[in-house]
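Here the structure is laid out as structure tokens; the discussion comes afterwards.
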2 protein chains.
Amino acid sequence: MAAGINLKELAAELKLAPSTVSRALNDSYEISEETKRKVISMAEKLNYQPNQFARGLRENKSKTIAVIIPERINNFFAQVMDGIEEIAQAQGYHLLIYNTHEDVDREKKIVNLLLNGRADAVVMSVSSQTSDVSHLEKLYRQGLPLIFFDRICSEIPTTKFITNDYQSAYDGTKHLIQQGCKKIAFLMISKELSITKERYRGYSAAIKEAGLEKEPAFSLNCNHCDEENIGLIRDMLWSENRPDGIVSAVEKLALATYHAVKGTKIRIPEDLKIISFANTTMAGLLNPSLTTITQPAITIGQECAKLLIGKLTKPKHYELIDQVITIPSKIIIRSSTVA
Amino acid sequence: MAAGINLKELAAELKLAPSTVSRALNDSYEISEETKRKVISMAEKLNYQPNQFARGLRENKSKTIAVIIPERINNFFAQVMDGIEEIAQAQGYHLLIYNTHEDVDREKKIVNLLLNGRADAVVMSVSSQTSDVSHLEKLYRQGLPLIFFDRICSEIPTTKFITNDYQSAYDGTKHLIQQGCKKIAFLMISKELSITKERYRGYSAAIKEAGLEKEPAFSLNCNHCDEENIGLIRDMLWSENRPDGIVSAVEKLALATYHAVKGTKIRIPEDLKIISFANTTMAGLLNPSLTTITQPAITIGQECAKLLIGKLTKPKHYELIDQVITIPSKIIIRSSTVA
DNA sequence: CTTATTTTCGCAAACGTTTCCGTATTTTAA
DNA sequence: TTAAAATACGGAAACGTTTGCGAAAATAAG
């Protein structure tokens with residue numbers, strides 16, 4: 001362990017007191033310019049790196065933000081993380097990242113781990129299983145700045161960032177209707193999720209406005225096993241009264257649909273049109289290319305980080321008030337919805 | 001700040017000394033079972049969370065592993081991280097994750113940030129720009145356990161995990177040859193990368209063995225701008241002497257190829273067969289489905305974490321010796337290579 | 001019953017910073 | 001010329017934990 005030099009040793013080398021060296025390095029006004037120069041150059045020469053534990057213990061700050069996501073193999077969340085990291089890195093913050101794998105028990109454990117000062121703030125998107133939010137309330141009550149994005153938790157009075165789920169789903173559904181769809185199904189994971197509810201509302205509104213029937217079997221609640229989902233979708237597509245359009249609330253269900261129709265006589269878009277919330281760059285390369293509702297993932301991440309770091313560094317100027325900030329998605333029309 | 005209770009307060013509540021409480025919580029043999037029970041139940045009741053700064057300062061351990069990757073929007077790296085996290089979480093380790101965005105300057109800054117004890121170990125895949133490795137040597141000399149995966153740095157005498165790049169590229173190229181390809185191109189990012197070199201060696205060996213010509217223009221060195229890459233590939237495909245097969249060293253270049261041929265009269269696989277190193281789950285849904293060399297990403301991540309945590313917890317039993325451990329890839333043949 | 005041993009616990013130091021406070025020196029003001 | 005103020009630095013405490021050492025109480029041995 002070639003452990004680096006510490007402040008005391010550095011001070012001894014300079015024949016100065018540790019307090020003086022500390023102040024010099026922190027650019028205190030009570031240290032002369034000359035001394036500062038000497039200290040800084042010696043620190044560089046000896047490659048002095050301040051111990052973050054000691055500093056953290058003293059200051060009670062970790063310069064670290066925890067990010068909790070339900071899934072990593074997912075372009076949306078990956079882009080959000082890139083957005084967060086961009087801002088965080090520029091401000092000298094580090095990122096602890098946790099994947100709950102859509103498992104609320106894991107989510108609880110992770111949240112508990114964050115109660116000891118390891119992170120200065122938390123930004124998260126809840127798992128699809130999360131209905132009891134007591135662990136999140138505990139985190140909030142601890143006083144840790146906490147914000148949600150995408151899959152938000154309305155019970156916690158803090159700032160949340162989402163996209164215009166209702167409007168996008170409404171517009172997307174309307175697009176299918178304009179393309180001639182009469183029987184439109186809605187694919188979702190967990191009904192409990194905020195995004196599911198909002199997107200379903202948008203879908204329902206468009207259906208109702210067009211005077212179309214709303215078949216109960218067309219609201220398909222899927223899970224997290226791809227194989228099962230493909231089976232569920234296949235069952236629906238082979239039923240007596242099969243849909244001619246699909247609005248998918250998440251990317252993976254659109255892909256499951258592609259798998260489901262593969263090798264069958266059902267053709268997209270002729271027999272079945274499909275639009276999906278999705279952030280994959282491969283949408284244009286699918287067969288046929290997939291019409292998507294693309295979320296502003298990077299922007300969401302950036303905004304989360306800006307607000308959080310603002311709150312951490314200038315608590316007077318930033319407040320995590322109980323509000324939902326909406327950043328609109330873009331609908332990109334491709335071949336899966338136009339014949 | 002409803003900061004939690006600390007050890008001293010907990011001890012006062014129990015009318016015990018802090019040292020006793022500490023030992024009780026750490027299951028020391030010198031504390032009676034009865035006292036341990038009391039302490040533990042009171043700690044739970046008051047939701048005591050040990051301060052990690054104090055502990056880290058005392059023990060000089062952070063229980064944190066830093067992961068440095070060159071790209072986040074990439075299924076391979078996402079899967080590796082999932083693998084690392086699975087093992088790490090089970091052992092109580094946290095993950096600091098950094099994305100270099102293929103930028104060696106960013107890589108250097110990040111590596112420098114890790115010199116102060118923020119992480120107990122580092123696992124990384126170098127950026128495609130990394131040729132000067134002095135920053136990595138400094139990290140290594142600090143005594144921080146360091147291992148590489150996929151894009152390794154051979155200059156550092158530590159353990160590295162890779163897939164069988166040479167053999168997979170050889171087999172993949174041979175597969176194209178068996179399918180009748182005579183003029184096979186190789187698509188790569190940065191020539192400096194370990195994986196590029198190995199995969200190119202495998203490709204070359206197969207070409208040579210089959211007695212095929214090795215056109216210089218068929219070794220296409222791309223960069224990180226998708227648009228440019230599509231242009232480069234398009235130029236190659238429209239040239240006089242165009243290839244009838246492509247081996248792509250990375251997923252993104254295979255996708256760029258799909259984009260390049262889109263809307264042209266070149267058909268895959270009739271006019272052009274393509275195989276690529278790739279870990280996307282969408283390979284089967286592309287048009288046509290893409291033959292892939294799929295890397296054991298999750299396993300690689302798990303093995304990295306197992307070794308690293310082993311080294312951290314039982315230094316006597318684990319050694320980070322200078323070796324390269326190879327975990328084989330799987331070739332999955334799909335429509336892009338069979339007519 | 002005395003002595004030796006074990007069990008159980010408390011005291012205090014240490015980890016490396018930052019910062020409150022005090023002090024010696026220099027500069028400014030009267 | 002003297003008092004006041006500004007400047008530049010040192011000493012020491014504090015952050016919350018773990019652990020070496022010592023000591024009291026309980027038990028075992030003689």
Side-chain angles (χ1 to χ4, degrees), chain A residues 1-40 42-43 46-64 92 113 115-118 120 142-143, chain B residues 1-40 42-43 46-64 92 113 115-118 120 142-143:
Chain A
M1 289 295 161
I5 198 173
N6 66 26
L7 191 69
K8 214 183 288 179
E9 295 165 330
L10 177 59
E13 196 72 32
L14 286 157
K15 299 196 190 307
L16 285 172
S19 53
T20 305
V21 177
S22 173
R23 277 187 267 251
L25 290 173
N26 290 325
D27 203 28
S28 163
Y29 70 97
E30 13 181 20
I31 303 296
S32 70
E33 290 305 321
E34 193 192 338
T35 306
K36 280 183 191 175
R37 265 198 308 276
K38 280 188 199 163
V39 170
I40 290 171
M42 180 63 83
L46 299 181
N47 195 31
Y48 166 71
Q49 297 287 342
N51 181 304
Q52 59 116 4
F53 295 124
R55 182 176 279 176
L57 180 59
R58 185 59 217 235
E59 311 241 282
N60 212 33
K61 279 182 202 152
S62 62
K63 282 282 222 172
T64 301
L113 257 31
L115 260 34
N116 64 355
R118 195 173 273 272
D120 292 341
Q142 270 265 329
Chain B
M1 289 292 163
I5 197 171
N6 67 23
L7 190 69
K8 212 182 290 181
E9 294 165 330
L10 178 59
E13 196 71 32
L14 286 156
K15 298 193 191 307
L16 286 172
S19 53
T20 305
V21 176
S22 173
R23 276 186 266 254
L25 291 173
N26 290 326
D27 203 27
S28 163
Y29 70 98
E30 15 182 17
I31 303 297
S32 70
E33 289 305 319
E34 194 192 337
T35 307
K36 280 184 190 173
R37 266 197 307 278
K38 280 187 200 165
V39 170
I40 290 171
M42 181 62 85
L46 299 181
N47 194 32
Y48 166 72
Q49 298 287 341
N51 181 305
Q52 60 116 2
F53 294 124
R55 184 177 278 177
L57 179 59
R58 182 59 215 235
E59 311 240 284
N60 212 32
K61 281 182 201 152
S62 63
K63 283 282 224 173
T64 301
L113 257 29
L115 261 32
N116 64 356
R118 196 174 274 272
D120 292 340
Q142 271 265 329

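Quick note on labels: first sequence line is chain A, next is B, and so on, each numbered from 1.
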Length of the [atom1]-[atom2] vector between [X] and [N], whole Å:
X: A:I5; N: C:dC15; atom1: CD1; atom2: P; result: 15 Å
X: B:N6; N: D:dC15; atom1: CG; atom2: C1'; result: 10 Å
X: A:L57; N: D:dT17; atom1: CG; atom2: P; result: 9 Å
X: A:N60; N: C:dG16; atom1: CG; atom2: P; result: 20 Å
X: A:Y29; N: D:dC9; atom1: OH; atom2: P; result: 13 Å
X: B:L16; N: C:dT8; atom1: CG; atom2: P; result: 14 Å
X: B:E13; N: D:dG16; atom1: CD; atom2: P; result: 16 Å
X: A:N116; N: D:dC15; atom1: CG; atom2: P; result: 18 Å

Requested in this report: Taking only the side-chain nitrogens and oxygens of A:T20, find out if one of them lies under 4.0 Å from OP1 or OP2 of D:dA8.
Outcome: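 Result: no.
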
Report task. Look at the side-chain N and O atoms of B:N51 and state whether any lies under 4.0 Å from the OP1 or OP2 oxygen of D:dT17. Result -> no

Query raised in the report: Per the atom types in the model, does the base of C:dC11 pair as donor or acceptor with the side chain of B:S19 at under 3.5 Å?
Result: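 Pair found.
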
Report task. Look at the side chain of B:R55 and the base of C:dG16, then say whether one donor and one acceptor between them are separated by less than 3.5 Å. Result -> no

**Report entry** Ion pair check, B:R37 and B:E33, cut-off under 4.0 Å
**Finding:** no

Requested in this report: Give a yes or no on this: more than 12 heavy atoms of other residues, nucleotides or ligands lie within 6.0 Å of atom NZ of A:K36.
Outcome: yes

Query raised in the report: Counting only N and O atoms by type, is there a donor-acceptor contact under 3.5 Å from the side chain of A:N26 to the main-chain atoms of A:S28?
Result: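 Not confirmed, A:N26 side chain does not pair with A:S28 backbone.
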
Report summary line: Assign each of A:P18 and B:R23 the nucleotide of DNA chain C bearing its closest heavy atom; nearer the 5' end lies the nucleotide of B:R23

Touch class at under 4.0 angstrom, heavy-atom based, for [X] against every strand present:
X: B:S28; answer: nothing
X: B:S22; answer: base
X: B:Q52; answer: nothing
X: B:S32; answer: sugar-phosphate

Query raised in the report: Do A:R118 and B:T64 have side-chain heavy atoms sitting under 4.5 Å apart?
Result: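 Yes, at least one pair of side-chain atoms sits under 4.5 Å.
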
Query - Validation row: B:I31, B:V39 side chains within 4.5 angstrom (heavy atoms) - result: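 Result no, sub-4.5 Å side-chain heavy-atom pair not found.
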
Query raised in the report: B:A54 or A:A17: which one's nearest nucleotide on DNA chain D is closer to the 5' end?
Result: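 Its nearest nucleotide being more 5', the pick is A:A17.
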
Query raised in the report: On DNA chain D, nearest-nucleotide positions of B:R58 versus B:E30: which is more 5'?
Result: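 It is B:R58 whose nearest nucleotide is closer to the 5' end.
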
